[in-house]
Amino acid sequence: MERRGLQVTTSHSTVVFYTGLLDLEDNLGADINDDNAAGWNFQNGKQIQGLTLLSNDLAYAIEKSDGSKVKVTFNNGQFASKDNPGFGWQAIAAAPSKSGTQIELIWKNSKTGQFAS
């Protein structure tokens, strides 16, 4: 079973997997698992026109100018990260689309030097 933000509910309790725990810590603003960080603990990357690409070992996220954060997902909710989708692809920046209604994520392949968005 993957360590994603899934929950398993039994008749007595709810089991929260690691990424679900990080969401819970973010919501509560508390370090529940004693790892010296409350929540996802993203590190800032490039900022372009009010959007900042954030990352940690588990996921990428985009912080909007209003301070809200959106985790980057693909294929039915899998978190995109430095290792996922893999094959050398890593997110390097987030920017508003030309229309301004969407967010464009720019990727670089460290093995081939190619870029994609």
Side-chain angles (χ1 to χ4, degrees):
M1 190 176 302
E2 291 185 60
R3 293 187 332 174
R4 300 288 180 212
L6 305 172
Q7 293 184 354
V8 177
T9 303
T10 66
S11 60
H12 302 289
S13 63
T14 300
V15 176
V16 178
F17 293 99
Y18 188 70
T19 54
L21 174 67
L22 297 178
D23 285 337
L24 183 61
E25 285 188 342
D26 266 349
N27 292 339
L28 297 173
D31 178 15
I32 297 170
N33 63 351
D34 294 327
D35 66 353
N36 296 317
W40 282 89
N41 199 28
F42 286 112
Q43 297 172 358
N44 288 353
K46 291 188 190 287
Q47 182 180 28
I48 300 174
Q49 296 179 13
L51 297 174
T52 304
L53 178 66
L54 308 173
S55 67
N56 64 25
D57 290 339
L58 298 173
Y60 291 117
I62 298 167
E63 183 173 20
K64 298 178 182 180
S65 58
D66 65 4
S68 64
K69 295 176 186 163
V70 178
K71 291 181 206 79
V72 177
T73 60
F74 66 100
N75 289 348
N76 298 322
Q78 291 183 50
F79 290 122
S81 69
K82 296 173 186 173
D83 298 321
N84 195 19
F87 307 105
W89 289 103
Q90 295 186 346
I92 59 169
S97 64
K98 287 183 181 181
S99 68
T101 59
Q102 297 184 3
I103 297 172
E104 188 169 352
L105 189 60
I106 297 97
W107 298 84
K108 180 179 181 182
N109 189 300
S110 61
K111 294 179 182 181
T112 65
Q114 294 173 302
F115 293 87
S117 67

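This chain uses plain numbering: 1 for the first residue, then up along the sequence.
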Q: Per the ring-ring contact (aromatic ring centres under 6.0 Å, His included) rule, what does the pair list look like for residues 23-59, sequence neighbours excluded?
A: Trp40-Phe42, Trp40-Phe79
Q: Is there a donor-acceptor contact under 3.5 Å from the side chain of Asn56 to the main chain of Leu58?
A: yes
Q: When you group the ILVMFWY residues by side-chain heavy-atom contacts below 4.5 Å and let the links chain together, are Phe74 and Ile92 in the same group?
A: no
Q: Can you list every pair that meets side chain to side chain donor-acceptor pair (under 3.5 Å) and has a residue in residues 90-104, with sequence neighbours left out?
A: Ser97-Ser99, Ser99-Thr101, Glu104-Ser117
Q: Starting from Trp89 and following side-chain heavy-atom contacts under 4.5 Å between hydrophobic residues (I, L, V, M, F, W, Y), which residues can be reached?
A: Leu51, Leu53, Tyr60, Ile62, Val72, Phe87, Ile103, Leu105, Trp107
Q: Taking salt bridge (charged side-chain N to carboxylate O under 4.0 Å, His left out) as the cut-off, I'd like each qualifying pair that reaches into residues 43-69, sequence neighbours left out, listed once.
A: none
Q: Could you work out, with side chain to side chain donor-acceptor pair (under 3.5 Å) as the rule, every residue matching Gln47, not counting sequence neighbours?
A: none
Q: Sort and list the pairs that fulfil salt bridge (charged side-chain N to carboxylate O under 4.0 Å, His left out) and have at least one residue in residues 70-80, not counting sequence neighbours.
A: Asp23-Lys71
Q: From Leu24 CG over to Thr19 OG1, what is the distance, rounded to the nearest 0.5 angstrom?
A: 11.5 Å
Q: Using modelled atom types and a 3.5 Å cut-off, is there a donor and acceptor pairing between side-chain atoms of Asp83 and backbone atoms of Gly86?
A: no
Q: Give a yes or no answer on whether the side chain of Asp31 reaches the backbone of Asn36 with a donor-acceptor pair at less than 3.5 Å.
A: yes
Q: Any non-hydrogen side-chain atom of Asn33 less than 4.5 Å from a side-chain atom of Glu25?
A: yes
Q: What's the shortest heavy-atom distance between Pro96 and Ile48, and which atoms?
A: CD-O, 3.9 Å
Q: Please report the shortest heavy-atom distance between Gly29 and Ala38, naming the atom on each side.
A: C-CB, 4.1 Å
